[in-house]
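Here the structure is a predicted model, which is why all the values come from computation and not from measurement.
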Amino acid sequence: MPRRLLRDGRIVVDDWQYLGETGAPESPAALIIPFDRWVGGKETFSRKAGRLGVQIGPAQQVEQLVGDLAALSLIAADFPSPGEGRGYSQARLLRERWKFTGELRATGHVRRDQLFFMARCGFDSFELPDAELPGAEAALHTFTAAYQPANDAGLTERLKHR
């Protein structure tokens with residue numbers, strides 16, 4: 001069964017494949033590469049046709065991707081446990097400091113009650129358990145006002161035009 005996710009406020013079938021994923025085509029049109037594999041072989045991956053993405057873990061330095069951002073269409077930040085929050089900071093850095101305009105995806109332990117806050121940091125797609133997908137769209141509209149500045153302008157604009 002194809003993976004579904006919440007992207008730009010809509011539940012969609014994921015058009016990306018993770019490197020080494022079981023059942024993935026040999027040459028997918030959109031490939032997500034683990035951070036360490038990207039850093040060690042970006043020249044090889046860059047020669048492949050199709051869109052490229054990188055999955056980063058909480059302890060990995062997102063600064064190492066700055067020179068590669070133009071080549072990347074997606075960055076997936078992993079949240080391996082409920083208490084892990086470094087992905088929020090990684091997202092803010094990518095959007096605000098380095099002006100990354102590609103898809104920013106939250107993966108791992110992502111739950112509906114986190115979506116509004118993740119979107120405020122710049123995430124625009126979210127891998128959720130299938131049981132939490134129904135109603136997930138509404139989570140992006142949990143609050144109507146915010147006190148802090150954020151980086152959710154792009155997602156907010158896309159949601160308005162739905």
Side-chain angles (χ1 to χ4, degrees), residues 3 5-19 28-80 84-128 136-137 139-162:
R3 178 179 39 247
L5 56 91
L6 185 67
R7 177 186 292 141
D8 293 333
R10 292 188 179 128
I11 298 170
V12 299
V13 173
D14 191 4
D15 55 341
W16 287 83
Q17 299 289 323
Y18 286 90
L19 182 67
L31 181 65
I32 301 173
I33 304 154
F35 179 85
D36 292 334
R37 295 279 307 270
W38 173 258
V39 171
K42 60 181 135 188
E43 294 80 17
T44 303
F45 289 115
S46 295
R47 287 192 292 267
K48 291 186 182 269
R51 298 176 293 155
L52 296 173
V54 171
Q55 183 172 30
I56 57 175
Q60 293 164 326
Q61 300 299 314
V62 71
E63 295 85 2
Q64 292 182 347
L65 295 176
V66 172
D68 304 325
L69 293 179
L72 298 173
S73 299
L74 175 144
I75 296 177
D78 187 39
F79 290 83
E84 182 55 68
R86 290 177 278 186
Y88 292 95
S89 299
Q90 291 170 329
R92 295 281 311 249
L93 287 169
L94 284 163
R95 292 288 193 215
E96 294 174 12
R97 186 174 295 170
W98 297 303
K99 309 299 184 214
F100 179 67
T101 58
E103 182 177 337
L104 193 52
R105 179 182 293 192
T107 68
H109 193 277
V110 177
R111 299 299 180 263
R112 183 175 182 251
D113 63 341
Q114 299 168 287
L115 299 186
F116 179 81
F117 302 107
M118 288 178 164
R120 300 268 303 150
C121 291
F123 287 100
D124 50 11
S125 69
F126 312 89
E127 287 184 18
L128 292 143
E137 298 160 275
L140 295 172
H141 305 285
T142 301
F143 303 103
T144 57
Y147 297 109
Q148 310 86 356
N151 198 320
D152 58 355
L155 180 59
T156 303
E157 272 305 304
R158 289 190 296 274
L159 291 173
K160 281 183 191 174
H161 292 72
R162 287 190 33 198

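For the side-chain contact (heavy atoms from CB on, under 4.5 Å) with L52, the qualifying choice from I32, L74, I33 is I33, the only one to do so.
Side chains of L115 and L128 form a contact here, defined as non-hydrogen atoms less than 4.5 Å apart. Using a 4.5 Å heavy-atom threshold, the side chains of T107 and E127 count as touching. Residues V39 and V54 form no side-chain contact, since every pair of their non-hydrogen atoms from C-beta on lies 4.5 Å or further apart. Two residues are said to be in side-chain contact when any heavy atoms from C-beta on lie closer than 4.5 Å; R7 and R105 meet this criterion. Looking at Q64 and I56, their side chains never come closer than 4.5 Å, going by heavy atoms from C-beta outward. Residues C121 and R92 form a side-chain contact, since some pair of their non-hydrogen atoms from C-beta on lies under 4.5 Å apart. Using a 4.5 Å heavy-atom threshold, the side chains of R120 and Y88 count as separate.
Across all their heavy atoms, F123 and A106 have their closest contact at CD2-N, 3.5 Å. Nearest heavy-atom pair, G57 versus Q90, reported as atom, atom and distance to 0.1 Å: O-NE2, 3.0 Å. Residues L5 and S125 approach most closely at CD1-CB, 4.0 Å, considering heavy atoms. The minimum heavy-atom distance between Q17 and R3, with the atom names listed, is CA-NH2, 4.4 Å. Considering every non-hydrogen atom in both G108 and D78, the closest pair reads CA-OD1, 3.4 Å. When every heavy atom of L6 is checked against every heavy atom of A136, the shortest pair comes out as CD2-O, 3.8 Å.
How far OG1 of T44 is from CZ of R37: 9.5 Å, rounded to the nearest 0.5 Å. With rounding to the nearest 0.5 Å, the separation of CG in L69 from NZ in K99 is 12.0 Å. Atom CD1 of residue I75 and atom CH2 of residue W38 lie 10.0 Å apart, to the nearest 0.5 angstrom. Rounded to the nearest 0.5 angstrom, E103 CD and W16 CH2 are separated by 7.0 Å.
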Step by step, would you call L65 with W98 a side chain to side chain contact (heavy atoms under 4.5 Å, CB included)?
CA-CA 10 Å; L65 295 176; W98 297 303; over 6 Å; no

Given L93 and E63, is the side chain to side chain contact (heavy atoms under 4.5 Å, CB included) satisfied, shown in steps?
CA-CA 9 Å; L93 287 169; E63 295 85 2; 4.1 Å; yes

Is there a side chain to side chain contact (heavy atoms under 4.5 Å, CB included) between Q114 and F126? Walk through the geometry before answering.
CA-CA 10 Å; Q114 299 168 287; F126 312 89; over 6 Å; no

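A donor-acceptor pair under 3.5 Å links the side-chain atoms of D124 to the main chain of L104, judged by distance alone. Proximity of a side-chain donor or acceptor of R51 to a complementary backbone N or O of S73 within less than 3.5 Å is not detected.
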